Amino acid sequence: MSTQQQITIDGNQYDFESGETIFQVAVRNGIKIPTLCYLKGTTPTGACRMCLVEVEGARSLVASCATPAAPGMAVKSASERVLKFRRMNLQLLLSSGHHYCITCEADGDCRLQSLAYEYKIDNIDFREASQKHPVEVNTLITRDFSRCIKCGCCVQACNEVQVNQAISFGYRGVDSKIVATGDRAYADSDCVFCGECVRVCPVGALTETQSRFKGKVRDLQKVKTTCAYCGVGCQLHLHMKDGKVVKVTGSDIDAPNYGSLCVKGRFAHDFIHDQQRLTTPLIRDNGSFREASWDEALGLVASRLSSIKKESGPDSIGVLASARITNEDNYVIQKFSRAVIGTNNIDHCARL
Ligand code: SF4
Ligand code: SF4
Ligand code: SF4
């Protein structure tokens, strides 16, 4: 059973429950502590060192995300010592990678960029940064290791959220990088392309290939909707530019998915604007299709169903609904089948 105890942060006392970290108590009480590696619901790693705080009596700064709150603990979340360290840390992170924001997909939606601005980092030396690993581009995900800050969020998401266990840290020291199944390309590894790693990457190291150079975050309009691929009803955002969907992301705050999506929901949206997509009804005439109006097509279907029902009875007709349409549409289809046609021969593509 949890017990209420108190901790002091920046001179104010706050209750906490056993097991809570300093970071969790601070965030719950509206105290802003920056982090690049914290991923809610997973084991804290303390990897990015941005959430360091000063604890009275401690020799060195401690990572607030990985340090349990303790009774009587006195914490300074933004002392001059803390701010100085965070600035130095940001400078190191920026200068150890290729952080040229102009052509980066994460520009405007990057936590490193935001923190660099907030902490007024204006003297970055990129000269030491080298491209140690080639950019990996597959159909769905682009991995640019030169922008990776080794926060480990992708590893936590893959292993602890999705439990796919496809990626981990590999190599040592300056050579360390995120590797997939023995340092293979994603496409040749155990990766199932759920995209959870892309979702949690705080920078532009992991991005959606399909949306590359199709619009920066400030140019995109976000439209919230429900995924139409299956009946789970994941909540997602369509990112639109000039009336076209260029990217799909899960809605972080909504049940049932809280930001996660499967490979279809996240990546399979290119059909929406595909040139080969049928936009006009087609009627087969003498073995080949011709375009028709909706009135003509629906009229033909209605007359054919009526004549089949008249000749052979309603049970000679069967109706298949679809997982690709909404629950409401499926409801209407079964109603149409039972009440209009008069048959219980109604089924769903999920059982085909
Ligand atoms: S990852 Fe962030 S900081 Fe680095 S280039 Fe991209 S936007 Fe800039
Ligand atoms: S796409 Fe999914 S399975 Fe593949 S590495 Fe990322 S989180 Fe793991
Ligand atoms: S790829 Fe992204 S999430 Fe993974 S370690 Fe690098 S910066 Fe962090």
Side-chain angles (χ1 to χ4, degrees), residues 35-39 42 45-50 89-119 121-122 124 126 129 131-133 135-136 138-171 176-210 212-213 216-218 249-250 257 259-268:
T35 173
L36 290 165
C37 72
Y38 178 75
L39 189 59
T42 64
T45 59
C48 77
R49 317 310 285 170
M50 282 305 295
N89 196 20
L90 283 169
Q91 261 163 342
L92 290 172
L93 285 174
L94 285 161
S95 56
S96 63
H98 277 231
H99 293 288
Y100 304 110
C101 303
I102 297 169
T103 52
C104 181
E105 286 299 320
D107 181 23
D109 186 25
C110 169
R111 273 154 52 198
L112 179 62
Q113 188 187 53
S114 303
L115 285 173
Y117 191 82
E118 185 183 332
Y119 280 76
I121 310 298
D122 57 1
I124 310 155
F126 289 121
Q131 181 76 29
K132 288 190 174 61
H133 309 286
V135 178
E136 177 190 317
N138 60 55
T139 320
L140 304 182
I141 297 172
T142 297
R143 301 168 83 196
D144 184 347
F145 297 102
S146 72
R147 289 183 169 124
C148 174
I149 55 169
K150 297 172 193 170
C151 65
C153 287
C154 54
V155 177
Q156 298 298 90
C158 185
N159 296 344
E160 293 193 18
V161 178
Q162 295 290 337
V163 203
N164 287 327
Q165 309 206 316
I167 51 176
S168 59
F169 275 96
Y171 305 100
S176 75
K177 69 168 205 171
I178 307 301
V179 295
T181 327
D183 199 10
R184 296 189 206 145
Y186 265 16
D188 303 321
S189 74
D190 293 337
C191 172
V192 296
F193 287 94
C194 64
E196 190 77 4
C197 51
V198 179
R199 172 171 99 85
V200 302
C201 182
V203 295
L206 293 172
T207 52
E208 291 94 345
T209 303
Q210 293 174 91
R212 281 182 97 194
F213 303 113
K216 290 202 172 184
V217 66
R218 58 180 160 269
T249 55
N257 52 312
S260 299
L261 290 171
C262 73
V263 61
K264 293 186 293 178
R266 189 179 301 281
F267 294 115

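None of these values were measured; they are calculated from a predicted model. For ligands, and for the atoms within them, numbers begin at 1 and follow the listed sequence.
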Handout entry: SB check Lys177 Asp183 (cutoff 4.0 Å)
Key =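 Looking at Lys177 and Asp183, the cut-off is met.
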Problem - NZ/NE/NH1/NH2 to OD/OE distance under 4.0 Å, Arg218 and Asp107 - result: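 Salt bridge: yes.
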What is the closest protein heavy atom to [atom], and at what distance does it sit?
{"atom": "atom 1 (S) of ligand 1", "answer": "Gly204 N, 3.1 Å"}
{"atom": "atom 6 (Fe) of ligand 2", "answer": "Cys197 SG, 2.3 Å"}
{"atom": "atom 5 (S) of ligand 3", "answer": "Gly152 N, 3.3 Å"}
{"atom": "atom 8 (Fe) of ligand 2", "answer": "Cys158 SG, 2.4 Å"}
{"atom": "atom 2 (Fe) of ligand 1", "answer": "Cys110 SG, 2.3 Å"}
{"atom": "atom 7 (S) of ligand 3", "answer": "Ile149 N, 3.4 Å"}
{"atom": "atom 4 (Fe) of ligand 2", "answer": "Cys191 SG, 2.3 Å"}

At a 4.0 Å threshold, what atoms of ligand 3 neighbour a non-hydrogen atom of [X]?
{"X": "Ile178", "answer": "5 (S)"}
{"X": "Ala205", "answer": "1 (S), 2 (Fe)"}
{"X": "Lys150", "answer": "5 (S), 6 (Fe)"}
{"X": "Cys148", "answer": "1 (S), 5 (S), 6 (Fe), 7 (S)"}
{"X": "Leu206", "answer": "1 (S)"}
{"X": "Cys201", "answer": "2 (Fe), 3 (S), 7 (S)"}

What atoms of ligand 1 come within less than 4.0 Å of a heavy atom belonging to [X]?
{"X": "Tyr100", "result": "5 (S)"}
{"X": "Cys101", "result": "3 (S), 5 (S), 7 (S), 8 (Fe)"}
{"X": "Cys104", "result": "1 (S), 5 (S), 6 (Fe), 7 (S)"}
{"X": "Asp107", "result": "7 (S)"}

Exercise for the section: Using 2.8 Å as a strict upper limit, say whether an N, O or S atom of Cys154 approaches atom 4 (Fe) of ligand 3 that closely. Expected result: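 An N, O or S atom of Cys154 is closer than 2.8 Å to atom 4 (Fe) of ligand 3, so yes.
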Practice task
Check whether any heavy atom of Val203 sits under 4.0 Å from an atom of ligand 3.
Solution key: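 Val203 counts as a contact of ligand 3 under the 4.0 Å cut-off.
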If you round to the nearest 0.5 Å, how far is [atom2] of [Y] from [atom1] of [X]?
{"X": "Arg143", "Y": "Cys197", "atom1": "CZ", "atom2": "SG", "result": "7.5 Å"}
{"X": "Arg184", "Y": "Ser189", "atom1": "CZ", "atom2": "OG", "result": "7.5 Å"}
{"X": "Cys37", "Y": "Ile149", "atom1": "SG", "atom2": "CD1", "result": "8.5 Å"}
{"X": "Leu94", "Y": "Gln113", "atom1": "CG", "atom2": "CD", "result": "9.5 Å"}
{"X": "Gln91", "Y": "Ser96", "atom1": "CD", "atom2": "OG", "result": "11.5 Å"}

Handout entry: Partner of Cys158 by side-chain contact (heavy atoms from CB on, under 4.5 Å), out of Val192, Asn164, Asp190, Val200
Key =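 Option passing the side-chain contact (heavy atoms from CB on, under 4.5 Å) with Cys158: Asn164.
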Handout entry: Proximal atoms of ligand 2 relative to Val192 (non-hydrogen, under 4.0 Å)
Key =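 So the atoms of ligand 2 that pass are 3 (S), 4 (Fe).
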Practice task
Take atom CZ of Phe213 as the centre, draw a 6.0 Å sphere, and report whether it contains more than 12 heavy atoms from other residues, nucleotides or ligands.
Solution key: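 Yes - once you tally the heavy atoms of other residues, nucleotides and ligands closer than 6.0 Å, there are more than 12.
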Practice task
Select one of side chain, backbone, both or neither to describe which atoms of His99 lie under 4.0 Å from any atom of ligand 1, heavy atoms only.
Solution key: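 Both backbone and side chain of His99 come within 4.0 Å of ligand 1.
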Handout entry: 4.0 Å heavy-atom contact, Gly195 with ligand 2
Key =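 Checking ligand 2 against Gly195, which is what was asked, there is a heavy-atom contact under 4.0 Å.
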Handout entry: Closest heavy-atom pair and its distance - Ile178, Ile167
Key =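 Shortest heavy-atom contact: CG2-CB, 4.0 Å.
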